[in-house]
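Let me begin by presenting the structure, written as C-alpha cells, before commenting on it.
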Amino acid sequence: GGSDPDYSDGEGDRDGGSDAESRVLISHPEQSSSRRVESTWTVALQVCIPFLIAGFGTVGAGAVLDIVQHWQVFENISEIFILVPALLGLKGNLEMTLASRLSTAANTGGMDTAKQKWSLIGGNMALTQAQAIVVGFLASCAAIVFGTIPSGRFDWNHATLICASSIVTASLASAILGAIMVVVVLLSHKCHINPDNVATPIAASLGDLTTLTLLAALATLLYKSIEQQYWLAPTLIAVFFLLTPLWIWISIQNKNTKHVMYYGWTPVISAMVISSVGGLILDYTVSTYHGFAIFSPIINGVGGNLVAVHASRLSTHLHTVGELGCPADGEPAICPTPYHTFVTSIHSNTARLLLLLVVPGHLLFILFIGYIKAGHTTITIMFSVVYLSMAMIQVLILLYVADWLVHRFWRRGSDPDNCAIPYLTALGDLLGTGLLAVGFNILYYIGDRDSDVGD
C-alpha cells in the first residue's frame, strides 16, 4: 500500500502536510522524518489479543449476571436490571472515551513530557469521576421512573437503594478502570504499540465484569441493611453528591478537560438514555427467557469493543491529518456509503478485519460457555446460527454508523474522542439487546424450546 501520516491501514496516499508529518506517530526517535504505517497484519496482531481478553471478560460478566439474576435483591427489585446496560455503558461513556483521548494525545505528542502527562491524567480522572456520579444518578432516576410507571407503586427504600447502588458503582468502577486505562496507554506508548488498538478493548474486558460485580455486591449489601441501617443508602448518596463539586472544580481548572466539562455532557447523557431503553428490553426479556442473561453482556460488549477500536482509530487519523472542523481529503462530504466504509475507505481494511473477528470470536465464547455449562442455554447448531447472525448484523451497522458519525462530529467541530464513542457503545447496547431478544423469540417460535428459551 501507500503511506499515511498516522496509524492507518497502510492503503491509499494522503498529503497531511508538514504539521501532521512531524507528529510523534513513530516507533523510534530516529524515524522522526518518516511516516508510520500499520499493515493489516500489525493491526490484526495488536487487536486480536486484547479482543480475546475483552471477550472472555464479557463472558465473565455474562456469567455474573446469569448468577445474580436469581439473587433476592434482583428478584424483588427488578428495576436494577434497567440499570445494567446504562452502567455497563459507562465504559463507553467514560473509560473508552478516556482511553481514546489519551491514545490521541499519545499518538500526537501530547504526552511527551512529565508535566503534560500528569496534567492530562489528573484532569481526566477528575472529569470521569464527575461524569460518573452525574450519569449514575440520572441512570437510577430513569430506572426508578421506568419501574414505577407500569406498577404505579413507589417505594422510597427501593428508590434510595437503586440510586445509591448506581452512583457508588459508577464512581468506583470509573476510578478503578480509569487508573487501569492510564497505565495501559502509558505502557503501550512506551512499548511502541498503538494505544488505539489496545486500550479500548482492555477497557471493555474489565469494564463489564468490574461494574456488574460492584453493582451486585453493593445492591445486596444495601438490601440487607434496608431494615436496620435504613440511613446507609441516603448517606452514601449525600457523600458522593458533596464530592461532585470538587471533581468539577478540578476539571474546570485543567486546560485539557475544561472544554469537555462544559460541553461534553450531551453525548454522555444521551448515551445513558439510549442504554436505559436497552435496559427495559433486558428487564422484560430476562424474566421471559432465563438464558438471555449470560449472552446480553457478551453481544453488547463485543460489539461495543469492536466499534470503539474503529472509532478511536478514525479519530486519531483525523487529528493527525487535519484541523478540527475541516473535512479530511477523500472523505465523503455528507454520508458514506457502505461500499465506501468497507471497500474504498482508507480504513476499510480495519473495518473488514473487525467484521471478520465477529463470527470466530463469538463462536469461541459461546462454545466456552457450553463447555463450562454456564447459564441456562443449550448450545445447539440452530442457536449458534441465529446468535451469530444477530451479532454480525449488530457489528455491520455499528461500523457503518461509526464511519458516518466520527466524520460528522469532526466536520461540525466537535472532537470525536469525546462525542462519538458514547453514542456508538450505547447504540451497540441497544442493538445487541434488541437483536438478541429477536433471536430468542425466533428460536422459540421455530421450536428450539429447551431451557435456553424459557419453555
Side-chain angles (χ1 to χ4, degrees), residues 58 61-62 64-95 131-151 154-174 176-177 207-223 226 233-234 236-237 240 268-287 292-294 296-297 300-301 304 422 425-426 428-430 432-434 437:
T58 61
V64 170
L65 185 59
D66 186 62
I67 293 166
V68 302
Q69 68 174 321
H70 303 298
W71 288 10
Q72 194 176 10
V73 63
F74 281 82
E75 290 186 338
N76 293 343
I77 310 177
S78 67
E79 293 91 336
I80 295 177
F81 281 113
I82 301 174
L83 280 180
V84 170
L87 289 180
L88 296 189
L90 279 176
K91 74 177 186 297
N93 291 344
L94 306 180
E95 275 67 54
Q131 290 180 325
I133 293 169
V134 172
V135 172
F137 173 69
L138 293 176
S140 69
C141 292
I144 293 164
V145 170
F146 289 151
T148 302
I149 289 172
S151 64
F154 176 80
D155 187 306
W156 170 255
N157 287 332
H158 287 185
T160 55
L161 182 149
I162 291 167
C163 187
S165 299
S166 182
I167 290 172
V168 178
T169 297
S171 179
L172 292 181
S174 181
I176 294 166
L177 295 168
D208 287 353
L209 189 56
T210 304
T211 305
L212 260 180
T213 304
L214 282 170
L215 176 63
L218 285 165
T220 302
L221 173 68
L222 292 172
Y223 187 73
I226 216 165
L236 285 172
I237 295 168
F240 279 84
V268 170
I269 294 171
S270 301
M272 183 274 298
V273 173
I274 295 168
S275 292
S276 295
V277 177
L280 274 176
I281 299 171
L282 176 66
D283 188 24
Y284 166 77
T285 315
V286 161
S287 63
F292 189 88
I294 195 166
S296 178
N300 294 349
T425 53
D429 290 345
L430 182 58
T433 308

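The figures here come from the full heavy-atom set of this structure, side chains too, leaving out hydrogens, waters and symmetry mates.
- Taking each heavy atom of G136 and A170 in turn, the nearest pair found is CA-CB, 4.2 Å.
- Around the OH atom of Y284, the shell of radius 6.0 Å holds no more than 12 heavy atoms that belong to other residues, nucleotides or ligands.
- Smallest separation of non-hydrogen atoms from V73 and A219: CG2-O, 3.7 Å.
- To the nearest 0.5 Å, atom OG of residue S166 and atom CD1 of residue I133 are 11.0 Å apart.
- Between the side chain of D283 and the backbone N or O of E79 there is no donor-acceptor pair closer than 3.5 Å.
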Checklist entry - I77 and D155: side-chain contact (heavy atoms from CB on, under 4.5 Å), yes or no, with the steps? => result CA-CA 10 Å; I77 310 177; D155 187 306; over 6 Å; no
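- Nearest heavy atoms, S165 versus L222: OG-CD1, 3.5 Å.
- The minimum heavy-atom distance between I281 and A437, with the atom names listed, is CG2-CB, 4.0 Å.
- Between the side chain of S296 and the backbone N or O of F292 there is no donor-acceptor pair closer than 3.5 Å.
- Side-chain contact between L209 and V64: present, with at least one pair of heavy atoms (C-beta onward) separated by less than 4.5 Å.
- F81 pairs with exactly one of V286, T285, V68 by the side-chain contact (heavy atoms from CB on, under 4.5 Å) rule, that one being V286.
- Residues L212 and A61 approach most closely at CD1-O, 3.1 Å, considering heavy atoms.
- Between the CD1 atom in I226 and the CG atom in N76 there is a gap of 9.5 Å [rounded to 0.5 Å].
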Checklist entry - Do L236 and I167 pass the side-chain contact (heavy atoms from CB on, under 4.5 Å) test, and can you show the C-alpha distance, the side-chain angles, and the key distance before you say yes or no? => result CA-CA 9 Å; L236 285 172; I167 290 172; over 6 Å; no
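- Rounding to the nearest 0.5 Å places OG1 of T213 at 10.5 Å from CG of L65.
- Considering CG of L282 and CD1 of I80, their distance stands at 12.0 Å, rounded to 0.5 Å.
- Interatomic distance, OG of S276 versus CG of L430, reported as 10.5 Å (0.5 Å rounding).
- Scanning all heavy atoms of the two residues, the minimum distance from D66 to A293 falls at CA-CB, 4.0 Å.
- The CD1 atom of I162 sits 10.5 Å away from atom CD1 of I237, with the distance rounded to the nearest 0.5 Å.
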